[in-house]
Colleague: 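I have a structure here, written as structure tokens, and I will follow up with some questions on it.
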Amino acid sequence: MSDYIVNEIEKRWQRLWKENKVFHAVKDSAKEKYYLLVMFPYPSGKLHMGHVRNYSIGDVFARFNRMQGKNVIHPIGWDSFGLPAENAAIKHNIHPKKWTKENIAHMGEQLKMLGISYDWDREIATCDPEYYKWNQWFFIRMYKKGLVFRKSANVNWCPSCKTVLANEQVNQGKCWRCDSTVEQKELIQWFIKITDYADELLDGHEELAGWPEQVLSMQKNWIGKSYGAEMDFKIDFDKKIKESDDGIIVIKSPYGSTKATLEILPPKTLKIFTTRPDTVFGVTFMVVSPEHQILKEFKEKIKNWREVEEYITKSASKSNIERASNKEKTGVKLEGVYAVNPATGKNIPIFTADYVLTGYGTGAIMAVPAHDQRDWDFAKKYGIEITEVIKGENSDIEKSAFEEEGVIVNSGQFNGIKSTDAIDKISLWVEEKGYGKRTTNFKLREWLISRQRYWGTPIPMIHCPKCGIVPVDEKDLPVTLPENIKFTDDGKSPLQGCEEFVNTKCPKCAGPAKRETDTMDTFVDSSWYYARYTDPKNDKKPFESDITNYWLPVDQYVGGIEHACMHLIYSRFWHKIMRDLGLVNTNEPFKNLLTQGMVTLGGSAMSKSKGNIVSPDEIIEKYGADTARLFILFAAPPEKQLDWSDDGLEGCWRFINRVWRLQELVKTKSEIPATQEAKEALSRSMHLCIKKVTEDIGKEHQFNTAISSVMELVNAMYVYKHHGNDEGLSLKVYETIVLLLAPFTPHLCEEIWSLLGKKEFVSAAKWPQYEEKYIKQDTVEVPVQVNGKLRGKIFVNVSSNEQEIKDCVINDEKIKPVLEGRQIVKFIYVQNKIINIVVK
RNA sequence: GGGUGGAUGGCGGAACUGGCAGACGCACAGGACUUAAAAUCCUGAGGCUCGCAAGAGCCGUGAGGGUUCGAUUCCCUCUCUACCCACCA
């Protein structure tokens, strides 16, 4: 028979799928829908193995469910705004649009070569005005709802990308994209109030049973809800006598200036957040972050202001990473100012130190050195009093062997209570006394969305000298990116220099006004693309809710773990916004999530700089897409890291040819009839295999074992030599093999399917069903253990009872000698599974 | 420091709900086919000891303990490792 000519066959089926619109999805309320989504690629230029893995996994789900008779939507598109396009523009003098579109064209071709069952009619690119128009529309809707605001903020600034980064985009103080050290810079920026949804984003996890525990825990950590209390500590000053210029002592009072009264000021407080209100009696000092406003406010009262100011300046120049990596704590005591511990009434010193973060809680802490490592370190260094308020078994505060749980001591009426109970009791007392109130705190910060870049969605706002900030009229959307722009390396947004873009009219008063030149974070684009896919060409609305609600939520989302805390939080948030705007009727966008592992070579990530890249093009050219897909799905379970192996790939290529050659076996007629026994065994193997593959894909998502079991069935067919005279059984098994493999190696399967005379596409064929009756056996082989050690095996009739089996076993020729001279203490028989004889 | 996983042959990886550890594949060895090689088909194989051999015995899922007739699986302690977060009060 002829060889399997991979490239020709694959190209032909790709063409036929397209011509026949085999993967085109249409809303059909009568049919059960299935939405399979893969994370859309950034058009960087070339497809890499990570993409191949992502899309191969996705395609198995899509094809499997399609063959199960579901109405499958399987879209693809391009996350096509972003920095690399601009960098390319500067470096190679090519317009970002041109660069992006060329990459999309090339990568689209590569994707098509993989034979993924996409509905290409739904292709979208986020850099198209038809798409980003709706980013702007959402932005304005959110602005009107009060969810968008502007504020001056210390922002993360990447000096290399020359743009602001969201907190989520800073890793270890470095830019997530280019790894430069991130600086702090004060700028007026646009924010979205994601924190309004912090609680719901957390509680929403209840609905996400189909998400990996790891991702949920990462998000939980990221949102960082903690329970505790806010407390106000009174601040007081040294009674201070002010000297006037002429050296005469001037004393101010509410009763007028005389030359003899003391200065009296209204009471001031310092607000802190703590998760351990039970330790309030142990507070012996307070610390505020160097950015805390109280410092500037009390400038006059702080005797050592110059020293404090120096410390503030020094901290400001340090990057976050420096601050965090410096384990040796530094700080300055504020002379002349002190706080009062509300519980003990004692005066306690206030420090400023950069181990207290400005962005979390209130930027100030009550320090309990006896029960917090950081506070202990600081107290030891600066010789501050340490008061133990929780006594545990190994308490030794001198050695910093402190307890977090134990019995309350040194705390007045609370002494003797367990610290775990004291949290509630002392909080309650704090509330009653009016020192503070119980509250919660989040690590999640507002989403900073403005970027000083060109290649992104323009923020649709207008600055009018008369009316202030005014949103663009919805009917004037989209605000399109001007194409005639200059790229410079000076760090300014190229939009700022574009007169024709900047100068406009105020939508309110029609006077001259200027456009906002910031663009949106590209995570906005990817926050709702899954909804746009359901109605991608709509030019009246982002999408038609009727259609979108049919398809949503996404039944299975497949993508990399690296998006656990950025994209996957933003899009959950966006979905809730869309729900609150009445556009969708679900709470969560993605029902099930599969996070695929990395593809590595020699154990480390493939990267250009390491030069250890395996190019999908070469592999496809040599072995075909089916082989590449099969290997990538077979070599490891989808969630695990996968190390590329040329030898393993070769093995998959051999398997594909082995399946191909089965055609010959099936065709060859034999004179010798197949034995009944052999036929039953083969038939049983087939039904077992259908069961296994169906469960492995549908329930377990274990594609590697699904493929193994088909390999076993193929092996069984090779062993089953009585092909021919068996009333078509081997043909039936072969057809089953082809159907079961279709989600993995679709081109091969289409080709064989048509050569077997089928008129339909295997891609649209019905998934095989197994029948229990063919799996059931009359006799089974059961292992026999003596004292837990395997000593033999016997065949038993499935219906025989324990006594019959016992008689049979103890007389078995292999077991009998082992039992010789010993007493049977216990005989355990687990039906059709195992026999264990306990002897003495 | 906090969180979440993981550790099984030479390698990638299997093993239902506590029931024959090592499926399937790679690499390896032997055989058939061939003038020869490749390809293909068939067979073998966790380790150690004994045996010419068929085979027999012991050990074996990171380490130590526990529960159980029986543990890769459950519990405790520890080691190593990957990823995420991290002076988060």
Side-chain angles (χ1 to χ4, degrees), chain A residues 3 171-172 212-222 224-226 228 272-276 279 286-287 289 320 323-329 353-357 359-368 371-375 377-378 441-444 561-562 564-565 595 597-598 603 630-631 634-637 639-652 654-655 657-658 661 692 695 700 702 704-715 718-719 781-793 825-839:
Chain A
D3 286 341
N171 302 322
Q172 308 269 302
E213 190 51 48
Q214 193 193 4
V215 174
L216 294 180
S217 127
M218 278 162 72
Q219 290 204 352
K220 201 174 156 193
N221 208 306
W222 191 264
K225 183 175 189 175
S226 46
I272 59 93
F273 172 75
T274 179
T275 54
R276 296 299 302 267
T279 61
M286 308 203 59
V287 189
S289 71
N320 283 345
R323 277 171 75 157
S325 63
N326 190 7
K327 292 292 170 201
E328 172 77 28
K329 294 184 175 39
D354 62 11
Y355 82 90
V356 171
L357 307 173
Y360 181 73
T362 62
I365 62 157
M366 60 175 219
V368 188
H371 306 286
D372 182 286
Q373 181 73 55
R374 292 155 303 175
D375 298 347
D377 293 343
F378 195 80
N441 222 313
F442 293 95
K443 287 185 199 168
L444 186 74
I561 185 86
E562 65 274 17
C565 283
T595 49
M598 253 200 311
L630 189 69
F631 167 70
F634 175 64
E639 309 208 313
K640 273 188 93 163
Q641 177 183 315
L642 179 148
D643 205 48
W644 185 267
S645 141
D646 285 339
D647 287 337
L649 185 79
E650 192 81 41
C652 288
R654 279 205 287 268
F655 173 70
N657 282 283
R658 211 166 137 81
R661 280 190 301 270
K692 173 84 176 144
E695 285 172 3
E700 312 290 338
Q702 297 268 43
N704 54 335
T705 50
I707 294 167
S708 309
S709 70
V710 181
M711 285 175 169
E712 283 178 87
L713 186 57
V714 169
N715 291 347
Y718 272 88
V719 171
E781 196 183 28
V782 175
V784 182
Q785 296 179 337
V786 176
N787 283 349
K789 279 197 174 154
L790 186 68
R791 293 297 174 204
K793 288 173 185 183
V825 182
K826 212 170 175 184
F827 185 89
I828 294 147
Y829 174 56
V830 180
Q831 185 146 35
N832 302 335
K833 247 181 192 165
I834 202 153
I835 295 158
N836 193 7
I837 309 166
V838 187
V839 295

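On a predicted model such as this, the values are computed, not experimentally measured, just so you know. Reminder, nothing fancy here: chain letters follow the sequence lines and each chain counts from 1.
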Colleague: Taking only the C1' atom of each, what is the distance from C78(B) to C85(B) in whole angstrom?
Modeller: 25 Å

Colleague: Can you tell me the Watson-Crick or wobble partner of C80(B), both distances under 3.5 angstrom?
Modeller: G6(B)

Colleague: So, does the side chain of Lys329(A) form a donor-acceptor pair with the base of C87(B) at under 3.5 Å?
Modeller: yes

Colleague: For Glu781(A) and for Thr362(A), locate the closest nucleotide of RNA chain B by heavy-atom distance; then report the residue assigned to the nucleotide nearer the 5' terminus.
Modeller: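 The residue whose closest nucleotide sits nearer the 5' end is Glu781(A).
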
Colleague: How many whole angstroms separate atom CE of Met711(A) from atom P of G13(B)?
Modeller: 15 Å

Colleague: If you compare every side-chain N and O of Arg658(A) against the phosphate oxygens of C41(B) (OP1, OP2), does one of them come in below 4.0 Å?
Modeller: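 Checking Arg658(A) against C41(B): at least one side-chain N or O falls below 4.0 Å of OP1 or OP2.
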
Colleague: Using whole Å, report how far CG of Leu790(A) lies from P of G60(B).
Modeller: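 Value for this atom pair: 16 Å.
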
Colleague: Just checking Gln785(A): base, sugar-phosphate only, or nothing, at a heavy-atom cut-off of under 4.0 Å?
Modeller: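 Counting heavy atoms under 4.0 Å across all strands, the contact made by Gln785(A) includes a base.
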
Colleague: Please report the distance, rounded to the nearest Å, between CD in Gln702(A) and C1' in A23(B).
Modeller: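 In whole Å, A23(B) C1' and Gln702(A) CD are 13 Å from each other.
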
Colleague: Mind checking if Asn704(A) touches a base, just sugar-phosphate, or nothing, with heavy atoms under 4.0 Å?
Modeller: sugar-phosphate

Colleague: Contact class for Ser709(A) (heavy atom, under 4.0 Å): base, sugar-phosphate, or nothing?
Modeller: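 Here Ser709(A) touches no strand at all.
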
Colleague: Test for a donor-acceptor pair under 3.5 Å between the base of C69(B) and the side chain of Asn836(A), counting only N and O atoms.
Modeller: yes

Colleague: Please give the distance between the P atoms of G47(B) and G9(B) as a whole number of Å.
Modeller: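 About 12 Å, rounded to a whole number of Å.
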
Colleague: Hey, does Lys793(A) reach any base, or is it just sugar-phosphate, or nothing, if we go heavy atoms under 4.0 Å?
Modeller: base

Colleague: In whole Å, measure the gap between the P atoms of G12(B) and G1(B) for me.
Modeller: 30 Å

Colleague: Pick the closest RNA chain B nucleotide for Ser645(A) and for Asn657(A) by heavy atoms, then say which residue is nearer the 5' end.
Modeller: Ser645(A)

Colleague: Can you name the residues that form a salt bridge (charged side-chain N to carboxylate O under 4.0 Å, His left out) with Lys443(A), not counting sequence neighbours?
Modeller: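 Per chain and number, Lys443(A) pairs via salt bridge (charged side-chain N to carboxylate O under 4.0 Å, His left out) with no residue.
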
Colleague: Answer with base, sugar-phosphate or nothing: what part of the nucleic acid does Glu650(A) contact at a heavy-atom distance below 4.0 Å?
Modeller: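 No contact.
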
Colleague: Rounding to an integer number of angstrom, what distance separates G2(B) and U73(B) when you compare their C1' atoms?
Modeller: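 Those two atoms are separated by 28 Å.
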
Colleague: Identify whether any heavy atom of Val368(A) sits under 4.0 Å from a base atom; if not, whether one sits that close to sugar-phosphate; answer base, sugar-phosphate or nothing.
Modeller: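 Val368(A): no heavy atom of the nucleic acid under 4.0 Å.
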
Colleague: How long is the straight-line distance from CD1 of Ile828(A) back to NZ of Lys833(A), given to the nearest 0.5 Å?
Modeller: 14.5 Å

Colleague: Rounded to whole Å, how long is the line connecting atom CG of Leu444(A) with atom P of C84(B)?
Modeller: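 One finds 19 Å between P of C84(B) and CG of Leu444(A), rounded.
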
Colleague: Say you draw a straight line from NZ of Lys640(A) to CG of Leu642(A); how long is it, rounded to the nearest 0.5 Å?
Modeller: 10.5 Å

Colleague: Look at all strands and tell whether Pro212(A) reaches a base, only sugar-phosphate, or nothing, counting heavy atoms closer than 4.0 Å.
Modeller: nothing

Colleague: Over all strands shown, is Val838(A) touching base, sugar-phosphate only, or nothing at heavy-atom distances under 4.0 angstrom?
Modeller: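 Sugar-phosphate: the residue Val838(A), judged by heavy atoms under 4.0 Å, touches backbone atoms but no base.
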
Colleague: For A15(B) versus G65(B), give the span between their P atoms, rounded off to a whole number of Å.
Modeller: 29 Å

Colleague: Angle class for the Phe378(A)/Tyr355(A) ring planes (parallel below 30°, perpendicular above 60°, tilted otherwise)?
Modeller: tilted

Colleague: Suppose you measure atom C1' in U61(B) against the same atom in C52(B); what distance do you get, rounded to whole Å?
Modeller: 35 Å

Colleague: Expressed in whole Å, how much space separates the P atoms belonging to G10(B) and G3(B)?
Modeller: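 The same atom, P, in both gives a distance of 35 Å.
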
Colleague: Which part of the nucleic acid does Asp643(A) contact within heavy-atom distance under 4.0 Å: base, sugar-phosphate only, or nothing?
Modeller: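 Contact class for Asp643(A): none.
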
Colleague: Checking understanding here: a glycosidic angle within 90° of 0 is syn, the rest anti, so what is G9(B)?
Modeller: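 Syn.
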
Colleague: Using a heavy-atom cut-off of under 4.0 Å over every strand shown, decide if Phe655(A) touches base, sugar-phosphate, or nothing.
Modeller: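 The residue Phe655(A) makes no contact with any strand.
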
Colleague: In Å and rounded to the nearest 0.5 Å, what is the OG1 to CG distance from Thr279(A) to Asp372(A)?
Modeller: 8.5 Å

Colleague: Under 4.0 Å, heavy atoms only, any strand: does Gly361(A) hit a base, just the sugar-phosphate, or nothing?
Modeller: nothing

Colleague: Could you give the distance separating A29(B) and U81(B) at their P atoms, to the nearest angstrom?
Modeller: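 One P to the other, the span is 35 Å.
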
